[in-house]
Amino acid sequence: GWTATLRRRSDSSRSALRRLYDLFMVSRPLIGITIGNVSRPGERARCGTDTAYLRSIQQAGGNGVLIPPGEPAAAVELLDRLDGLMLTGGADVGPASYQETRRPLTGDPDLARDTLEIRLVRAARRRKMPILGICRGQQMVNVALGGTLYQDLVADGATEEVHDVRAHGRGQLAHPIDIAAGSWLADVTFARRLQVNSLHHQAVRVVAGGLSVTATSPDGVVEAMQSRDRRVLTVQSHPEELPDQLWARRLFRAFVSMTRD
């Protein structure tokens, strides 16, 4: 009768909605997001990251998968289930990773995270997987591929300008960067100059082979890089902290879109 007909139509509608839901969820690329130790001395070990990274990936159309320090081989195996890799901000990179001894102004490193991220970057490159490095992430990509860092920009003589201005807020636009024409960053932001935030005291020194500098601050600090195949993209600023900036939203959308290729 008519009740059975309505029931069948209702069941059919629910099935159609479920298929659309499943299609939507499946179509969202999975982006591995590295996280690190956030526990204080004497506390039980804890890992974490700023939720702004997750929000930025989700709003750009992806889903984030957190990758904590641990057994590097297991994390590398996880790459086979992911579409992209994002390295986030955090502790100073351990100088031993680029064959230097630690100097007084270098903070305590997260050695387990350093080891993990080096392995992940190299494995992702072998897979030609898109990689986005942010702040420490830019530095870690450079180190993993053979480059070095300034342990402290001022102490190492790279600049007289202080680049860690977090006291004014993580979203404070601290200085401009100049972007190379034809670079990935210029193409996705439609800009040759941007105002960025600045929360770092370390930076790229010797650029790794296969990477090129695509943006610098007025005092010459490396602010963005890319690989020749444009599958590795890094920025020294924190675009995840700038959701109101159109260029930052464009950057994440372009990265997530790339992971669909």
[X] side-chain N/O to [Y] backbone N/O, donor-acceptor pair under 3.5 Å:
X: Thr234; Y: Gln138; answer: no
X: Asp83; Y: Arg260; answer: no
X: Glu71; Y: Ala73; answer: yes
X: Asn142; Y: Thr148; answer: yes
X: Arg231; Y: Lys128; answer: yes
X: Arg127; Y: Ala123; answer: yes
X: Tyr53; Y: Leu87; answer: no

Test of ring centre spacing under 6.0 Å for His163 and His175: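 Yes - the distance between ring centres of His163 and His175 falls below the 6.0 Å cut-off.
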Evaluation steps, salt bridge (charged side-chain N to carboxylate O under 4.0 Å, His left out), between Asp156 and Arg103: CA-CA 10 Å; Asp156 288 351; Arg103 294 196 281 277; 3.1 Å; yes
Under a plain distance cut-off of 3.5 Å, with no hydrogens placed, do [Y] and [X] share a side-chain donor-acceptor pair?
X: His238; Y: Glu240; value: yes
X: Thr106; Y: Gln151; value: yes
X: Arg28; Y: Thr259; value: no
X: Asp152; Y: His201; value: yes

Assess the residue pair Val204 and Met225 against the criterion (side-chain contact (heavy atoms from CB on, under 4.5 Å)); give the C-alpha distance rounded to whole Å, side-chain angles, the decisive distance to 0.1 Å, and a yes or no. CA-CA 10 Å; Val204 169; Met225 299 188 299; 3.9 Å; yes
Going by heavy atoms in the side chains, are Gln202 and Leu153 under 4.5 Å from each other?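 Side-chain contact under 4.5 Å: no.
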Is the number of heavy atoms from other residues, nucleotides or ligands within 6.0 Å of [atom1] ([X]) greater than 12?
X: Glu77; atom1: CD; answer: no
X: Glu43; atom1: CD; answer: yes
X: Arg46; atom1: CZ; answer: yes

With salt bridge (charged side-chain N to carboxylate O under 4.0 Å, His left out) as the criterion, how do Arg136 and Asp110 come out once you've worked through the C-alpha distance, each side chain's angles and the decisive distance to 0.1 Å? CA-CA 12 Å; Arg136 168 198 155 94; Asp110 186 344; over 6 Å; no
If you take all heavy atoms of Leu251 and Val188, which pair is closest and at what distance?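 Scanning both residues completely, I find the closest heavy atoms to be CA-CG2, 4.4 Å.
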Closest heavy-atom contact between Pro239 and Ala248?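 Closest heavy-atom pair between Pro239 and Ala248: O-CB, 3.5 Å.
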What's the verdict on side-chain contact (heavy atoms from CB on, under 4.5 Å) for Ile31 and Leu85, showing C-alpha distance, side-chain angles and the deciding distance? CA-CA 5 Å; Ile31 313 299; Leu85 176 66; over 6 Å; no
